[in-house]
Amino acid sequence: MKPKSIEKRAAVRSAVLSTLFQVMAAGALLYLRTLSPPDWLGGLLLILAVSDLAAIPFTFAVLRQRVREIEGGELDEARKY
(Lines give C-alpha, C1' and ligand atoms only; values in the text may rest on other atoms or scores of the structure.)
Protein backbone atom coordinates (compact mmCIF):
# COMPACT_ATOMS: atom_id res chain seq x y z
CA MET A 1 0.00 0.00 0.00
CA LYS A 2 1.38 3.40 -1.01
CA PRO A 3 1.51 6.29 1.44
CA LYS A 4 -1.09 8.96 0.83
CA SER A 5 1.48 11.61 -0.11
CA ILE A 6 2.85 9.42 -2.91
CA GLU A 7 -0.66 8.75 -4.23
CA LYS A 8 -1.41 12.48 -4.18
CA ARG A 9 1.78 13.28 -6.07
CA ALA A 10 0.99 10.64 -8.66
CA ALA A 11 -2.52 12.02 -9.13
CA VAL A 12 -1.26 15.59 -9.51
CA ARG A 13 1.50 14.50 -11.88
CA SER A 14 -0.95 12.66 -14.12
CA ALA A 15 -3.33 15.64 -14.21
CA VAL A 16 -0.51 18.03 -15.10
CA LEU A 17 0.79 15.73 -17.84
CA SER A 18 -2.70 15.30 -19.23
CA THR A 19 -3.15 19.07 -19.31
CA LEU A 20 0.22 19.51 -20.99
CA PHE A 21 -0.68 17.00 -23.69
CA GLN A 22 -4.07 18.64 -24.22
CA VAL A 23 -2.46 22.06 -24.67
CA MET A 24 0.14 20.60 -27.04
CA ALA A 25 -2.55 18.87 -29.09
CA ALA A 26 -4.60 22.07 -29.28
CA GLY A 27 -1.48 23.97 -30.37
CA ALA A 28 -0.78 21.40 -33.07
CA LEU A 29 -4.36 21.62 -34.33
CA LEU A 30 -4.20 25.41 -34.43
CA TYR A 31 -0.85 25.25 -36.23
CA LEU A 32 -2.30 22.88 -38.82
CA ARG A 33 -5.10 25.37 -39.29
CA THR A 34 -2.58 28.02 -40.37
CA LEU A 35 -1.31 25.85 -43.22
CA SER A 36 -4.31 27.01 -45.30
CA PRO A 37 -6.43 23.86 -45.45
CA PRO A 38 -9.87 23.99 -47.08
CA ASP A 39 -12.40 26.13 -45.22
CA TRP A 40 -14.38 23.21 -43.82
CA LEU A 41 -11.22 21.53 -42.53
CA GLY A 42 -10.00 24.76 -40.90
CA GLY A 43 -13.33 25.06 -39.10
CA LEU A 44 -13.15 21.45 -37.98
CA LEU A 45 -9.61 21.92 -36.64
CA LEU A 46 -10.76 24.99 -34.71
CA ILE A 47 -13.68 23.09 -33.20
CA LEU A 48 -11.39 20.22 -32.20
CA ALA A 49 -8.83 22.58 -30.63
CA VAL A 50 -11.49 24.41 -28.62
CA SER A 51 -13.09 21.18 -27.44
CA ASP A 52 -9.67 19.89 -26.42
CA LEU A 53 -9.03 23.01 -24.33
CA ALA A 54 -12.54 22.87 -22.87
CA ALA A 55 -11.73 19.52 -21.25
CA ILE A 56 -8.95 20.97 -19.08
CA PRO A 57 -11.17 22.31 -16.26
CA PHE A 58 -12.81 18.88 -15.97
CA THR A 59 -9.38 17.32 -15.54
CA PHE A 60 -8.76 19.44 -12.47
CA ALA A 61 -12.26 18.80 -11.13
CA VAL A 62 -11.55 15.07 -11.26
CA LEU A 63 -8.15 15.67 -9.67
CA ARG A 64 -9.78 17.50 -6.77
CA GLN A 65 -12.21 14.59 -6.32
CA ARG A 66 -9.35 12.07 -6.40
CA VAL A 67 -7.35 14.00 -3.78
CA ARG A 68 -10.42 14.05 -1.54
CA GLU A 69 -10.74 10.28 -1.92
CA ILE A 70 -7.09 9.80 -1.00
CA GLU A 71 -7.38 12.06 2.03
CA GLY A 72 -10.57 10.35 3.14
CA GLY A 73 -9.01 6.93 2.97
CA GLU A 74 -11.92 5.50 0.99
CA LEU A 75 -9.66 3.12 -0.91
CA ASP A 76 -8.07 1.87 2.30
CA GLU A 77 -11.48 1.18 3.76
CA ALA A 78 -12.63 -0.59 0.59
CA ARG A 79 -9.58 -2.87 0.61
CA LYS A 80 -10.61 -4.29 3.97
CA TYR A 81 -13.56 -6.04 2.36
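Sequential numbering from 1 along the given sequence is applied to the chain's residues. Small disclaimer: the values here were computed from a predicted structure and weren't measured.
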Output for pair (Ser18 OG, Ile56 CD1), nearest 0.5 Å, gives 8.0 Å

dist Thr59:OG1 -> Arg64:CZ (nearest 0.5 Å) comes out at 12.5 Å

Checklist entry - Between Leu32 and Leu53, is there a shared hydrophobic cluster once you connect ILVMFWY residues whose side-chain heavy atoms come closer than 4.5 Å? => result no

inquiry  = Side-chain heavy atoms nearer than 4.5 Å, only ILVMFWY residues, links allowed to pass through others: does that put Leu35 and Leu44 together?
reply    = yes

One should read off an interatomic distance between Gln22 CD and Leu17 CG, to the nearest 0.5 angstrom, of 11.0 Å

Apart from Val50 itself, members of its ILVMFWY cluster (side-chain separation under 4.5 Å) are Leu30, Leu46

Is a side-chain donor or acceptor of Ser51 paired with a backbone partner of Ile47 at a separation under 3.5 angstrom?
yes

* To do: Is it possible for you to say whether Phe58 and Phe21 belong to one hydrophobic cluster, with membership spreading through side-chain heavy-atom contacts below 4.5 Å?
  => no

For Leu45 and Pro37 the tightest heavy-atom approach is CD1-CG, 4.4 Å

If you group Ile, Leu, Val, Met, Phe, Trp and Tyr by side-chain heavy-atom gaps below 4.5 Å, do Ile70 and Val12 land in one group? no

Any chance CZ of Phe60 has more than 12 other-residue heavy atoms, nucleotides or ligands included, within less than 6.0 Å?
yes

Please determine whether residues Val16 and Val67 belong to a single hydrophobic cluster, defined as Ile, Leu, Val, Met, Phe, Trp and Tyr linked transitively by side-chain heavy-atom distances below 4.5 Å. yes

In short, salt bridge (charged side-chain N to carboxylate O under 4.0 Å, His left out) pairs touching residues 8-32 with sequence neighbours left out are Lys8-Glu71

